[in-house]
Amino acid sequence: LRYTDSVNGGRFECVVRSNNVETTTDSGTAVVAGTDYLLRIEAPVAANQILFYMNNNLVQTITTNIPGRGNGSGFGVYMQKTSGAQARLLHLDYTEVSITA
């Protein structure tokens, strides 16, 4: 999940990438200051799709540019401030990765 204030009308984007080809779709969820979000991404092994959840609601399913077996996949949290003088904070309660096969 990706957010850039000047992209997509201030809404989260759902992003999948394989071999440097990216599929980006609108989550439909606008970012609201001071609001906590529970973000979850599921990649079922048997299905060729990636499921994006926000606050336990499915907001998007992507079926293109899914990394295949043998392609590296990863996770992380990144914040980059690109304009303005006011400080920005990112509070991350926890990150959980669960792999089942």
Side-chain angles (χ1 to χ4, degrees):
L1 287 157
R2 177 169 61 202
Y3 169 73
T4 305
D5 66 336
S6 61
V7 175
N8 195 38
R11 294 181 301 277
F12 283 101
E13 295 177 294
C14 302
V15 182
V16 173
R17 178 187 300 227
S18 179
N19 297 321
N20 289 325
V21 178
E22 190 173 274
T23 297
T24 304
T25 58
D26 183 359
S27 72
T29 303
V31 174
V32 177
T35 301
D36 292 335
Y37 296 94
L38 174 63
L39 309 175
R40 185 172 88 229
I41 301 170
E42 293 182 3
V45 173
N48 291 322
Q49 61 186 3
I50 307 294
L51 308 170
F52 294 85
Y53 293 85
M54 300 186 77
N55 299 327
N56 291 318
N57 296 307
L58 179 65
V59 296
Q60 194 59 256
T61 300
I62 298 180
T63 59
T64 57
N65 295 319
I66 298 171
R69 291 185 186 266
N71 288 350
S73 294
F75 67 94
V77 176
Y78 173 74
M79 180 175 174
Q80 178 179 359
K81 183 173 169 40
T82 58
S83 66
Q86 184 176 355
R88 296 288 184 251
L89 301 174
L90 173 67
H91 298 284
L92 181 64
D93 290 334
Y94 69 92
T95 299
E96 177 181 342
V97 176
S98 175
I99 300 172
T100 56

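Quick note: residue numbers are just sequence positions, from 1.
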If I take atom [atom1] from residue [X] and atom [atom2] from residue [Y], how far apart are they, to the nearest 0.5 angstrom?
| X | Y | atom1 | atom2 | answer |
| --- | --- | --- | --- | --- |
| Leu1 | Ile41 | CG | CD1 | 4.5 Å |
| Asn48 | Thr63 | CG | OG1 | 8.5 Å |
| Leu38 | Met54 | CG | CE | 9.5 Å |
| Ile66 | Ile50 | CD1 | CD1 | 4.5 Å |

For this session: Mark yes or no for whether Tyr37, through its side chain, and Val32, through its backbone, hold a donor-acceptor pair below 3.5 Å.
Result: yes
For this session: Might you point out which heavy atoms bring Asn65 and Thr23 nearest each other, and give the distance in Å?
Result: ND2-OG1, 2.7 Å
Seminar exercise, completed: For Asp26, the salt bridge (charged side-chain N to carboxylate O under 4.0 Å, His left out) test, sequence neighbours excluded, returns Arg11
For this session: Go through the structure and list residues passing salt bridge (charged side-chain N to carboxylate O under 4.0 Å, His left out) with Arg17, not counting sequence neighbours.
Result: Glu22
Problem set entry | Thr24 vs Cys14 side-chain heavy atoms within contact, under 4.5 Å | no
Exercise. Below 6.0 angstrom between ring centroids: does that apply to Phe52 and Phe12?
Worked result: no
For this session: Look at the side-chain heavy atoms of Ile, Leu, Val, Met, Phe, Trp and Tyr, link any pair under 4.5 Å apart, and say whether Val15 and Tyr3 land in one connected group.
Result: no
Exercise. Do Tyr53 and Val16 belong to the same hydrophobic cluster, where Ile, Leu, Val, Met, Phe, Trp and Tyr are linked whenever their side-chain heavy atoms lie under 4.5 Å apart, directly or via other members?
Worked result: no
